Amino acid sequence: MLDIKLIREKPEWVKERLSTRGEEYPVEKVVELDRRRREILKEVESLRHERKEKSSQIGRLFKEGKREEGQKLSAEVKKIGERLKELEVELREVEAALKQELLLLPNIPHESVPIGEDEKDNEVIKRWGEPREFNFQPKPHWEIGAELEILDFERAAKVTGSRFVVYKNEGALLERALINFMLDLHTKKHGYKEVLPPFIINEKALIGTAQLPKFKEELFKLEDWDYYLVPTAEVPLTNLHQDEILPEDALPLYYTAYTPCFRAEAGAHGRDTRGIVRQHQFNKVELVKIVVPEKSYEELESLLLDAEEVLQLLGLPYRVVLLCTGDLGFAAAKTYDIEVWAPGQNRFVEISSCSNCEDFQARRANIRYRPKEGGKPKFVHTLNGSGLAVGRTVMAILENYQQEDGSVIIPEVLRPYMGGLEVIKKKK
RNA sequence: GGAGGAGUGGCCGAGUGGUCGAAGGCGCUCGCCUGCUAAGCGAGUGUGCGGGCUAAAACCCGCACCGCGGGUUCGAAUCCCGCCUCCUCCGCCA
């Protein structure tokens with residue numbers, strides 16, 4: 001959520017900055033609702049004040065036995081109460097409308113974010129690793145997975161439907177090994193606290209991190225419940241401290257969590273229909289940071305490095321992309337995507353997205369801290385990043401480590417997590 | 001699923017219709033005192049919103065907030081209704 005005071009004071013600037021996202025947002029509407037809210041509020045407050053004074057006067061009059069005077073005044077105050085009731089209804093309506101509009105405004109892009117329309121204007125800022133030279137035609141992971149009997153799409157369709165997969169044999173083991181490897185790296189080396197949150201979350205949390213109200217169609221909702229399947233661990237992790245005032249000493253907070261992620265992929269019909277790149281359910285190890293505002297941009301850089309290190313240790317070539325304004329997510333002020341090389345598809349595939357949301361989510365979720373030097377509580381900055389998407393990591397391992405005979409070599413760092421297994425071979 | 005109990009400030013806890021944003025205690029901050037520490041003494045110490053002042057603060061005024069949402073009343077932390085959360089007991093269960 002944007003600061004209403006900022007919108008009030010610099011509506012033109014806000015509108016212009018938001019328009020760099022490639023869409024026009026009704027900032028004037030917000031300004032007008034805010035103006036009306038204050039107008040009504042002023043009247044409501046002065047009426048309440050009058051009522052308060054006169055009511056206590058009535059109390060005194062009755063105590064002094066001046067019943068008649070008291071009754072007279074009482075009738076008067078009753079009228080104020082009636083007028084107030086009308087105005088309060090109006091105030092509530094305006095406030096609800098204002099809140100609704102505010103919840104639909106995205107975050108303002110950071111000044112360092114390149115202006116652009118869509119992903120073609122993103123900037124590649126870093127490349128790591130050399131794509132391997134193949135002396136045979138590398139296969140896409142869905143072919144490798146089928147041949148090795150570790151990925152089974154047909155049977156997943158039987159028990160559920162399309163965009164689901166069953167991992168089998170070493171495939172299931174590989175997925176599990178990756179989760180443990182990533183969690184170990186982030187907790188032991190990078191200093192994140194491990195959390196295992198609920199995989200079902202409520203509406204308030206989803207509003208807090210801004211999946212709601214705008215992206216409802218992306219979520220799986222439980223029938224007869226105001227609960228949803230978690231689309232990313234960012235939601236439970238960031239909302240852990242909703243409505244809290246943290247002492248500054250407690251910051252920064254680093255959290256990591258493994259969760260499955262459930263996404264309806266409503267707007268993605270026909271995209272990435274083969275393989276495990278785009279599934280309704282996938283595993284992810286998430287990184288979340290809660291920090292003081294002054295530090296959030298350096299924290300974003302180190303968050304990115306924490307995610308990158310997973311790929312480096314796995315020996316998977318990747319590039320880092322700075323998203324342009326038009327490609328930026330709703331809550332983010334700045335985002336780096338990490339894209340892993342997928343030789344079987346001859347393209348880079350997003351495997352992590354690291355964002356600084358500044359105080360956008362903190363306002364929605366009401367997460368504040370009390371500055372050391374004292375004074376008013378301030379909003380924290382929140383950051384999140386995948387560290388990494390596990391299914392896509394399996395994809396990248398299968399494609400990058402495939403051999404001509406159809407087997408796949410296991411990256412060394414994973415072997416201790418797989419009982420020493422060095423290679424996944426075809427079953428005979 | 002059944003029965004009962006509880007939700008008040010950073011924490012504990014009093015308050016059952018008016019002068020209660022809320023006693024008291026703890027904690028914290030500042031000052032005094034003091035070889036040091038502790039104790040003692042004094043003062044201060046919630047959040048949000050609106051308005052005034054301001055370069056911006058500080059500050060001042062007002063309104064709201066005693067789990068959440070409604071209602072009754074001239075007036076609600078206090079009465080009524082609904083909901084949420086937590087706890088205890090019983091039952092069931094991985």
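Here the structure is a predicted model, which means the values were calculated and not measured. Labels below follow one simple rule: chain letters A, B, ... track the order of the sequence lines, proteins then strands, and each chain is numbered from 1.
Contact between A/Val288 and A/Glu234 at its shortest, heavy atoms only, is CG2-CA, 4.0 Å. Closest of all the heavy-atom pairs between A/Leu104 and A/Pro213 is CD2-CG, 4.0 Å.
No donor-acceptor contact under 3.5 angstrom links the side chains of A/Asn384 and A/Ser355, judged on distance only. With 3.5 Å as the limit, one finds no donor-acceptor pair spanning the side chains of A/Glu119 and A/Asn122. A donor-acceptor pair shorter than 3.5 Å can be found between the side chains of A/Tyr336 and A/Glu301. A donor atom on one side chain and an acceptor atom on the other are found under 3.5 Å apart for A/Glu358 and A/Tyr297. Side-chain atoms of A/Glu309 and A/His190 include a donor-acceptor pair closer than 3.5 Å. Judged purely by distance below 3.5 Å, without hydrogens or angles, the side chains of A/His381 and A/Ser296 pair a donor atom with an acceptor atom.
Taking a heavy-atom distance under 4.0 Å as the criterion, the stretch of RNA chain B touched by chain A extends 5' to 3' from B/G18 to B/G75.
When the C1' atom is used for both B/C81 and B/C93, the distance is 34 Å, rounded to whole Å. One P atom belongs to B/G1, the other to B/C83, and the distance between them is 13 Å to the nearest Å. Taking atom P in both B/G25 and B/A39, one finds a spacing of 16 Å when rounded to whole Å. The P atoms of B/G91 and B/G82 are separated by 29 Å, rounded to the nearest whole Å. Using P as the reference atom, B/A3 and B/C63 are 44 Å apart when rounded to the nearest Å. For B/G7 and B/U16, the P atoms lie 13 Å apart once the distance is rounded to whole Å. Here the separation of B/A56 from B/G51, taken at their P atoms, is 14 Å to the nearest Å. Nucleotides B/C12 and B/U73 are separated by 34 Å at their C1' atoms, to the nearest Å.
Looking at heavy-atom distances under 4.0 Å, A/Arg60 makes no contact with the nucleic acid at all. When heavy atoms are screened at a 4.0 angstrom cut-off, A/Lys54 is found touching no nucleic acid atom at all. Nucleic acid contact class of A/Lys5 (heavy atoms, under 4.0 Å, all strands): sugar-phosphate only. Using a 4.0 Å heavy-atom cutoff across all strands shown, A/Pro247 reaches no nucleic acid atom at all. A/Leu41 comes within 4.0 angstrom of the backbone, heavy atoms only, and of no base.
Classification of the A/Tyr254-A/Tyr192 ring pair by plane angle, with boundaries at 30° and 60°, yields tilted. The aromatic rings of A/Tyr258 and A/Phe199 sit perpendicular to each other, their planes meeting at more than 60°, with 30° as the lower class boundary.
Of the residues in residues 78-87 of chain A, those with a non-hydrogen atom less than 4.0 angstrom from any atom of RNA chain B are A/Lys78, A/Lys85.
Comparing A/Gly59 and A/Ile4 along RNA chain B, the residue whose closest nucleotide (by nearest heavy atom) sits nearer the 5' end is A/Gly59. Residue order along RNA chain B, read from the 5' end via each residue's closest nucleotide, puts A/Arg8 first among A/Ser74 and A/Arg8.
Between the side chain of A/Thr325 and the backbone N or O of A/Gly116, at least one donor-acceptor pair lies under 3.5 Å.
The shortest distance between side-chain heavy atoms of A/Leu41 and A/Leu91 falls below 4.5 Å.
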- Message: Let me check I have this right: for RNA chain B, each base becomes ., (, ), [, ] or |, based on Watson-Crick or G-U pairs with both distances under 3.5 Å. What is the full string?
- Response: ((((((((.[[[..)..(.....]]]((((((.......))))))(((((((......))))))).[[[[[..)....]]]]])))))))....
